[in-house]
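Working notes for the structure below.
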Amino acid sequence: MNKILVVGPAWVGDMVMAQCLFKLLKKRDPHVVIDVLAPAWSLPILERMPEVAKGMVMPIGHGKLALGTRYHLGKNLRHQGYTQAIVLPNSFKSALIPWFAHIPLRTGWNRELRNIILNDARRLDKKRYPLMIERFMALGLNKNENLPDNTKDLLPKLQVSEKSQEAALEKHQLNHHKPILAICPGAEFGPAKRWPAEHYATIAMKKIAEGWQVWIFGSPNDKAVADDIMLFTEQLCVDLTGRTSLAEAIDLLGLASAIVSNDSGLMHIAAALQKPLIAVYGPTSAAFTPPLHDKAKVISINLACQPCFQRQCPLKHQRCMKDLPPQLVLNAIEEVIA
């Protein structure tokens with residue numbers, strides 16, 4: 001039996017995009033068993049991916065070495081029968097656990113001299129694989145094997161149940177009797193990726209006037225921007241920032257009629273839920289990590305300084321976001337829900 005351990009990424013969006021790899025592995029071998037070693041927060045995402053047999057909690061925080069813990073975890077995995085490990089993060093330390101576990105085939109991109117511990121370390125050709133999902137999927141193929149010509153059936157698709165959605169509605173005293181605009185105004189990467197709160201408030205008020213309800217999603221870190229939106233909209237939205245678990249956020253986003261989001265993990269979740277989606281891009285680029293759904297529309301004003309990929313605007317004006325007008329997003333909403 002082919003049994004693969006995937007060392008998963010540390011960011012929400014990357015974990016969603018990793019489903020492309022899981023789908024590819026299942027397409028090539030329907031009987032393959034895929035376990036994913038990943039941060040505890042990612043388990044609700046993995047539980048909604050039918051390709052994954054088991055999500056295992058990575059007990060070490062992002063960026064920490066914790067060599068002893070890695071050794072003991074690897075040692076405990078030695079008798080699990082893994083035939084291959086695929087390491088998605090690019091750090092040296094992320095490849096240590098499969099090495100300590102004595103997994104026979106250890107695959108990953110050759111960064112940080114990892115060919116010492118990866119016996120299938122590959123050179124990354126960024127021109128050949130411009131998209132992150134292509135880089136993930138390539139690790140599921142034999143070395144030098146080409147990606148499938150058509151990967152549409154491999155794109156992320158999270159499964160949610162009506163039962164879990166109804167439970168989330170009841171817990172947060174919500175209903176879906178009216179159309180729902182979900183807005184995701186946060187971005188863990190940094191403030192440069194955030195479309196202004198007043199712009200979100202403008203589109204919220206327009207949809208409320210049309211009979212929609214507006215739900216604000218995000219982590220506790222997004223509470224300040226959500227408070228601003230609530231102020232600008234005279235408390236007419238439902239602020240869910242910091243109130244939902246990730247599992248509840250996924251289930252509730254699955255009920256939305258349309259979603260507007262910055263380039264963030266929630267944007268990738270929305271795309272994987274196959275919802276009508278407007279993705280607002282400023283300092284980052286959809287050329288590397290686009291929303292992977294036909295009903296997703298990327299909005300950007302394409303200034304000369306874009307993309308800069310900086311957490312803070314290096315020019316200190318953030319025009320790529322501030323100058324992107326709400327009407328452009330409102331027009332895009334009409335297009336994707338038509």
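Note: hydrogens, waters and symmetry copies are ignored here, and every other heavy atom, side chains too, is used. Positions are given from 1 along the sequence.
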If you take all heavy atoms of Ala10 and His62, which pair is closest and at what distance? CB-ND1, 3.5 Å

Are Ile103 and Thr83 close enough, and set up right, to give a side-chain contact (heavy atoms from CB on, under 4.5 Å), and what steps lead you there? CA-CA 6 Å; Ile103 297 174; Thr83 54; over 6 Å; no

Could you check Glu335 against Lys297 for side-chain contact (heavy atoms from CB on, under 4.5 Å), going step by step and ending with a plain yes or no? CA-CA 9 Å; Glu335 289 180 31; Lys297 188 173 180 63; 3.2 Å; yes

Taking all non-hydrogen atoms of both residues into account, name the closest pair between Met58 and Leu73 and its distance. SD-CD2, 4.3 Å

Using modelled atom types only, decide if a donor and an acceptor are shared between the side chain of Asn142 and the backbone of Glu145 within a distance under 3.5 Å. no

For Ser91, is there any backbone N or O sitting under 3.5 Å from a side-chain donor or acceptor partner on Arg114? yes

How close do Ser264 and Gly186 get, counting heavy atoms only, and between which atoms? CB-O, 3.9 Å

Is there a side-chain contact between Cys237 and Ile208 in this structure, where contact means two heavy atoms from C-beta onward sitting under 4.5 Å apart? yes

Once you round to the nearest 0.5 Å, how far does NZ of Lys157 lie from SG of Cys20? 13.5 Å

Got a second to check how far Phe92's CZ is from Trp99's CH2, nearest 0.5 Å? 7.0 Å

Would you give the length of the straight line joining atom CE of Met230 to atom CG of Asp228, rounded to the nearest 0.5 angstrom? 11.5 Å

Measure across His268 and Gly13 and return the closest heavy-atom pair with its distance rounded to 0.1 Å. CD2-CA, 3.6 Å

Test side-chain contact (heavy atoms from CB on, under 4.5 Å), reference Tyr82, set Asn2, Leu77, Ile4, output is Leu77

Please assess Glu334 against Lys207 for the test salt bridge (Lys or Arg N to Asp or Glu O under 4.0 Å), listing each intermediate value before the final yes or no. CA-CA 11 Å; Glu334 296 307 309; Lys207 301 314 287 183; 3.0 Å; yes

With a cut-off of 6.0 Å (strictly less than), are more than 12 heavy atoms of other residues, nucleotides or ligands near CH2 of Trp109? yes

Leu118: which other cluster members, linking ILVMFWY side chains closer than 4.5 Å, directly or transitively? Val7, Val87

Does the pair Ile333 and Leu181 meet the rule for a side-chain contact (heavy atoms from CB on, under 4.5 Å), with working shown? CA-CA 10 Å; Ile333 292 174; Leu181 174 65; 4.2 Å; yes

Backbone of Cys313 reached by a side-chain donor or acceptor of Gln318 within 3.5 Å: no

Would a 4.5 Å heavy-atom cut-off, applied to side chains only, mark Gln213 and His177 as touching? no

Taking everything shown except Glu170 itself, do over 12 heavy atoms lie less than 6.0 Å from its CD? no

Between Lys26 (side chain) and Val32 (backbone), is there a donor-acceptor pair under 3.5 Å? yes

Is there side-chain contact between Lys54 and Val33, with heavy atoms separated by less than 4.5 Å? no

Verify, without hydrogens or angle tests, whether Arg70 (side chain) and Leu65 (backbone) share a donor-acceptor contact under 3.5 angstrom. yes

Flag side-chain contact, heavy atom, 4.5 Å: Val329 against Val260: yes

Could you tell me the separation between the CD atom of Glu198 and the CZ atom of Phe232, rounded to the nearest 0.5 Å? 5.0 Å

Run the salt-bridge test on Glu166 and Lys171 with the 4.0 Å N-O cut-off and return the result as yes or no. no

Is a donor on one side and an acceptor on the other found under 3.5 Å between the side chain of Asp14 and the backbone of Trp11? no

Residue pairs passing the ring pair (Phe, Tyr, Trp, His ring centres under 6.0 Å) test where at least one lies in residues 199-231, sequence neighbours excluded: Trp195-His199, Trp195-Tyr200

Going from CG on Asp222 to OG1 on Thr241, what distance comes out if it is rounded to the nearest 0.5 angstrom? 7.0 Å

More than 12 non-hydrogen atoms from neighbouring residues, nucleotides or ligands closer than 6.0 Å to NZ on Lys3, yes or no? yes

Tell me whether Asp239 contacts the main-chain N or O of Ala226 through its side chain, where contact means a donor paired with an acceptor under 3.5 Å. no

Heavy-atom distance under 4.5 Å between the side chains of Leu113 and Asn115, does that happen here? yes

Euclidean distance, Cys320 SG relative to Leu303 CG, rounded to 0.5 Å: 6.5 Å

Flag yes if more than 12 heavy atoms outside Lys143 fall under 6.0 Å of its NZ atom; otherwise flag no. yes

If you apply the rule side-chain contact (heavy atoms from CB on, under 4.5 Å), what do you find for Leu240 with Ile216, and how did you get there? CA-CA 5 Å; Leu240 296 170; Ile216 309 173; 5.9 Å; no

Okay, side chain of Arg194, backbone of Val225: is any donor-acceptor separation there less than 3.5 Å? no

Per the side-chain contact (heavy atoms from CB on, under 4.5 Å) rule, which among Leu105, Leu25, Leu5 passes with Ile86? Leu25

Would you say the side chains of Gln84 and Thr107 form a donor-acceptor pair under 3.5 Å? yes

In this structure, would Val214 and Leu273 fall into the same cluster of hydrophobic residues linked by side-chain contacts under 4.5 Å? no

Please name the pair of heavy atoms, one in Gln306 and one in Ser300, separated by the smallest distance, quoted to 0.1 Å. NE2-OG, 3.1 Å

Going by heavy atoms in the side chains, are Lys64 and Thr69 under 4.5 Å from each other? no

Is there a donor in the side chain of Asp263 and an acceptor in the side chain of Thr284, or the other way round, less than 3.5 Å apart? yes

When you compare the side chains of Arg128 and Asn146, does any donor N or O come within less than 3.5 Å of an acceptor on the partner? yes

Contact between Ser261 and Ile183 at the side-chain level, heavy atoms closer than 4.5 Å - yes or no? no

With no hydrogens and no angle check, is any side-chain donor or acceptor of Lys275 less than 3.5 Å from a backbone partner on Ser257? no

Within the side chain of Arg106, is there an N or O that forms a donor-acceptor pair under 3.5 Å with the backbone of Ile117? yes

Indicate yes or no: at least one non-hydrogen side-chain atom of Lys93 is less than 4.5 angstrom from one of Ile60. no

If every non-hydrogen atom of Leu154 is compared with every non-hydrogen atom of Pro148, which pair is closest and at what distance? CD1-CG, 4.4 Å

Grouping I, L, V, M, F, W and Y whenever their side-chain heavy atoms are under 4.5 Å apart, do Ile337 and Leu328 come out in a common cluster? yes

